[in-house]
**Q** 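My questions all concern the structure below.
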Number of protein chains: 2
Amino acid sequence: MDSKEILQQHIAKTASLTDDQFDYFFSHFKPQSFKKGQTIIGAGDKVDCEYFVISGCLKAFFINDEIKMYILQFAMPTWWTSDYTALYNQTPATINVDCITDVELLCLSNGDREKLCEEFHQVEHFFRWRTNKGYIASQKRLLSFMNNNVKIRYEELLALYPQLYNLVPKHLIAAYLGVSRETLSRLYNP
Amino acid sequence: MDSKEILQQHIAKTASLTDDQFDYFFSHFKPQSFKKGQTIIGAGDKVDCEYFVISGCLKAFFINDEIKMYILQFAMPTWWTSDYTALYNQTPATINVDCITDVELLCLSNGDREKLCEEFHQVEHFFRWRTNKGYIASQKRLLSFMNNNVKIRYEELLALYPQLYNLVPKHLIAAYLGVSRETLSRLYNP
DNA sequence: TTGGTTACGTGATGTAGATCACAATATTTT
DNA sequence: AAAATATTGTGATCTACATCACGTAACCAA
């Protein structure tokens, strides 16, 4: 399945566009490929785009005092990622996004998203629902953070995304859970 | 200023509706008043509505094992609140919402919101932006949780909402910060 | 193959914040 | 005003997790 079909099926779940409308919609996306380890957004950058993941895995993360890394999101196929704070407020990036594996992306500029939302009610509908799901997931994660210890959060994460266990190094999982790699290691090597 | 004007000014910041359109929009909101301490949504309830705060202050919170409380949101005038997970998924509430002070609300049902979003592109636009802001704020809070200790989170909270200091008891602020009331107390009484 | 980087495990020790316990004020309610 | 309840402070102790330190194994690149 090519990237166009992947995006089309993704959108079709929440919005109905005719094939012509989708063709036009799709024409605003720019395909991009990156190698493992490459940086897509670096702290301080101007952020113009958000990214729809076709294949591979990315991490969106924050670096504290040039030392500690906190992962906000692992972005997998059919997920969207960017530094949304920077993107919507037109401020320099504080979040980094880079590639855990080789990736293929579709890139959509902020301006084009807003233009498409204006032109098609259904596109606006789609983005409302996407953000809504993100908001709900974010609230849930926050709650888990306050309520649960590392062990439970780790099990929750693996239950939700079993692929991660083999796909990403453990210290990145620790950075997502907000604990040191040593503590995570001791969880399953007691 | 009456509740209609408050809502109108709030909406006007991100969407343009004619007066007639706004009248129609507003007709779907049901005014409600509650006394301090009353419960608006209790865990297990069916959730039909979201609420726009006209006056007063609410808390949206989660209770763990019938013991510990974690506050997800203090809802102040012109804020929206509900158990959005329950509302969008039509599942029983896991979040409680109740009144810290006497409050006046405007209540909008899930069905009416969706209907209005369909009928008016501008309404859909408004709700996309509202959710978007919520998402960004939620990500920011999550990051602060991972990155900062209680003292810094406390200062951040008061910088953002100075009213809270006098409006709500300290143990609720502790429940928002995710620490014990004792620890919070020791922060400013060293 | 070799040398370098990255990943991972594990002991010893330090610390922020939790928990328990009790006391002192405020604030409601009757 | 008296009684009941909610709010806040503070000491003593406990614990989950961080940090530091060191060792081993896997994976690249030259």
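Side chains are part of it too, since the values below use all heavy atoms of this structure and drop only hydrogens, waters and symmetry mates. Predicted, not measured: the structure shown is a model, and the values here were computed from it. Order of the sequence lines sets the chain letters (A, B, ...), proteins ahead of strands, with each chain counted from 1.
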**Q** Using a strict cut-off of less than 4.0 Å between a Lys/Arg side-chain nitrogen and an Asp/Glu carboxylate oxygen, indicate whether A:D102 and A:K35 qualify as a salt bridge.
**A** yes
**Q** Under 4.0 Å: is that the gap between some side-chain N or O of A:K68 and OP1 or OP2 of D:dT19?
**A** yes
**Q** Strictly below 4.0 Å: does B:S180 bring a side-chain N or O up to OP1 or OP2 of C:dA18?
**A** yes
**Q** Whether A:N149 contacts D:dA16 is assessed here as follows: a side-chain N or O lying under 4.0 Å from the phosphate OP1 or OP2. Is that the case?
**A** no
**Q** Using only modelled atom types and a 3.5 angstrom limit, is any donor from either the side chain of A:E182 or the base of D:dC20 paired with an acceptor on the other?
**A** yes
**Q** With a 4.0 Å limit, can you tell me whether B:Y188 has a side-chain N or O closer than that to the phosphate oxygens OP1/OP2 of D:dG9?
**A** yes
**Q** Choose from C:dT28, D:dT8, D:dT19 the nucleotide whose nearest atom is closest to any side-chain atom of B:P169.
**A** D:dT8
**Q** Look at the side chain of A:S185 and decide which nucleotide, out of C:dG9, D:dC17, D:dT19, has an atom nearest to it.
**A** C:dG9
**Q** So is B:K170 actually on top of B:Y165's ring, under 6.0 Å and inside 45° of the axis?
**A** yes
**Q** Quick check: any donor-acceptor pair below 3.5 Å linking the side-chain of B:R181 to the base of D:dG9?
**A** yes
**Q** Please state whether the phosphate of C:dT28, meaning OP1 or OP2, lies under 4.0 angstrom from any side-chain nitrogen or oxygen of B:K36.
**A** yes
**Q** Quick one: do the B:T85 and B:N89 side chains pair a donor with an acceptor below 3.5 Å?
**A** no
**Q** Find the distance B:L184:CG to C:dG17:P and express it as a whole number of Å.
**A** 11 Å
**Q** Compare the minimum distances between each of C:dT10, C:dA7, C:dT19 and the side chain of A:H171, then state the nucleotide with the smallest one.
**A** C:dA7
**Q** May I ask you to check if A:K115 and A:F120 form a cation-pi contact, with NZ or CZ under 6.0 angstrom from the six-membered ring centre and within 45° of the axis?
**A** no
**Q** Send over the distance from A:Y154 OH to D:dA16 C1', rounded to a whole Å.
**A** 18 Å
**Q** Please tell me which of the listed nucleotides, D:dC17, D:dT8, C:dG17, lies nearest to the side chain of A:T183?
**A** D:dC17
